[in-house]
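Okay, so here's the structure we're looking at.
Computed from a prediction, not measured in an experiment: that's the story for all the values here. Heavy atoms only: backbone and side chains are in, while hydrogens, waters and symmetry mates are out.
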Amino acid sequence: MVGYGSGVSDSVTLREVMAGLEAVAPLGLAEGWDKVGLQVGDPEAVVDRALLCIDLTEAVVEEAVELGCGLVVAYHPPIFGPLTGLVEGEGLQGAGGWKTRALLAAVRAGLAVYSPHTALDAVRGGVNDWLCAGLGEGVSEPIERKAVKRDEYKVVVYVPAGEVDAVRGAMTDAGAGGIGKYTGCSFGASGEGTFEPGEGAEPAVGEVGRFERVAEVRLEMICGGRQLAGVLSAARGAHSYEEPAIDVFRLEAEPEVAAEAAGVGRLLTLAEPVTVGGLAERVKGRLGVERVKVAGSGAVRTVAVCVGAGGKLFEGVEADAYVTGEMQHHQVLDLAERGKAVVLAGHTQTERPYLPVYQDKLRAAMGGVDWRISEKDRAPLRFC
């Protein structure tokens, strides 16, 4: 089994796995209210097997332990509101204690827990796009567009020429220099640094009161927001200067990335219209369910799509039909009275069928990890 501090040197670390997870579904695409990313775990732990699920329950944790997993990727974040305690026998946010038990079991077993949630919904090729692809030929655009927010920084350190390798190595060990599948990435440009140590200074180079010129290298490396503090500390620790010159720049999304049609929900314009009954059959076929709830009738050319619960998102969105997992009664009634169609397939029923697609994407991104799909994860509601 893979756990915290297991010491398996030939396995990838959780930190590296998280980089792959974020490459598939950038966390910057998540909704501001969402609690995506690592929720439990040690970034330096090793992971060679991981389990995918929708909801983290005790049964899923037991399954992960039996399979020898070091990570559970739970689509829904198990820790959502402010966590005030994680105490044996006590509930968590009114959840009847099941979340507490599952989280405590994960901690005891040394399992890391990560959630992509709305980031995986919003990304191109994510859950909403996958659902749209089963509804017929057409063109889809996000209902609300999002640019990819990069939680990345460029750290620039001015280093004496003879210390570049030491400083670069320390920053790399702290998590800097990762670009795609490459590590230790840096750029250096030679130049001249000048300074005059003042009274009370203890310069590593030169003397107090004397103007100095030193051959230096401008060393640039990129790191994530989570690694920034550690990278800065490592750079200062490896640097010989009493006061090293360091610049930090937050990186913005590149124009071509920002222009990608990622975002919340999808508005699908079909190449050919379909009846409401025909649309319902396509939804059932795509999701592998036998029944859905349907309101309305007539021809459908435009379809608003949102996996999970799309009622709030659909407010103010004009379409012929609305496809989601669940909506409030009066939202459905309002749309039906306006001559619109609604297809409801069940909350997690719209999300769970995507897990094999997600598995394939993660396998392609991180071949060193054995990705499994939970067999114990179940939808709490079913159609009879």
*With a 4.5 Å limit on heavy-atom distance, are the side chains of Tyr114 and Leu21 in contact?*
yes
_Interatomic distance, Asn128 atom CG to Ser140 atom OG [nearest 0.5 angstrom]_ = 9.0 Å
*What pairs of residues pass the side-chain hydrogen bond (donor to acceptor under 3.5 Å, both in side chains) test when at least one of them lies in residues 200-209, not counting sequence neighbours?*
none
*asked:* Suppose we screen for side-chain contact (heavy atoms from CB on, under 4.5 Å). Which residues come up paired with Arg338, at least two apart in sequence or across chains?
replied: Glu318, Asp334, Leu335, Lys340
_Close side-chain approach of Leu135 to Val283, heavy-atom, < 4.5 Å_ = yes
*Do the side chains of Leu67 and Leu51 get nearer than 4.5 Å, heavy atoms only?*
yes
*Does any non-hydrogen side-chain atom of Met366 lie less than 4.5 Å from one of Val17?*
yes
_Heavy-atom side-chain proximity of Glu199 to Val208 below 4.5 angstrom_ = yes
*asked:* Do Cys223 and Glu152 make a side-chain contact, defined as non-hydrogen atoms from C-beta onward lying under 4.5 Å apart?
replied: no
_Taking ring-ring contact (aromatic ring centres under 6.0 Å, His included) as the cut-off, I'd like each qualifying pair that reaches into residues 204-229, sequence neighbours left out, listed once._
none
_Using the salt bridge (charged side-chain N to carboxylate O under 4.0 Å, His left out) criterion, which residues pair with Glu220? Sequence neighbours excluded._
Lys154, Arg218
_For residues 285-306, which residue pairs pass the side-chain hydrogen bond (donor to acceptor under 3.5 Å, both in side chains) check, not counting sequence neighbours?_
Thr302-Asp320
_Looking at Arg210 and Glu196, is there a salt bridge between them, counting it only when a charged N and a carboxylate O are closer than 4.0 Å?_
no
*What residues, two or more places apart in sequence or in another chain, satisfy side-chain hydrogen bond (donor to acceptor under 3.5 Å, both in side chains) together with Asp360?*
none
_With sequence neighbours excluded, residues passing ring-ring contact (aromatic ring centres under 6.0 Å, His included) with Phe195_ = Tyr241
*What residues form a side-chain contact (heavy atoms from CB on, under 4.5 Å) with Glu144, not counting sequence neighbours?*
Val264, Leu313
*Cluster partners of Val139, using ILVMFWY side-chain heavy atoms under 4.5 angstrom, listed by chain and number?*
none
_When you compare the side chain of Arg352 with that of Ile54, does any pair of heavy atoms fall below 4.5 Å?_
yes
*Is any side-chain heavy atom of Val157 closer than 4.5 Å to a side-chain heavy atom of His239?*
yes
*Any residue meeting ring-ring contact (aromatic ring centres under 6.0 Å, His included) with Tyr322, in chain and number order, not counting sequence neighbours*: Phe314
*Atom CD of Gln39 and atom CG of Leu103: how far apart are they, to the nearest 0.5 Å?*
7.5 Å
*Considering residues at least two apart in sequence or located in another chain, which fulfil the ring-ring contact (aromatic ring centres under 6.0 Å, His included) criterion with His76?*
His117, His347
_CD on Glu63 to OG1 on Thr57, rounded to 0.5 Å_ = 8.5 Å
_Under the rule for side-chain contact (heavy atoms from CB on, under 4.5 Å), what residues qualify as partners of Arg226, not counting sequence neighbours?_
Glu22, Leu27
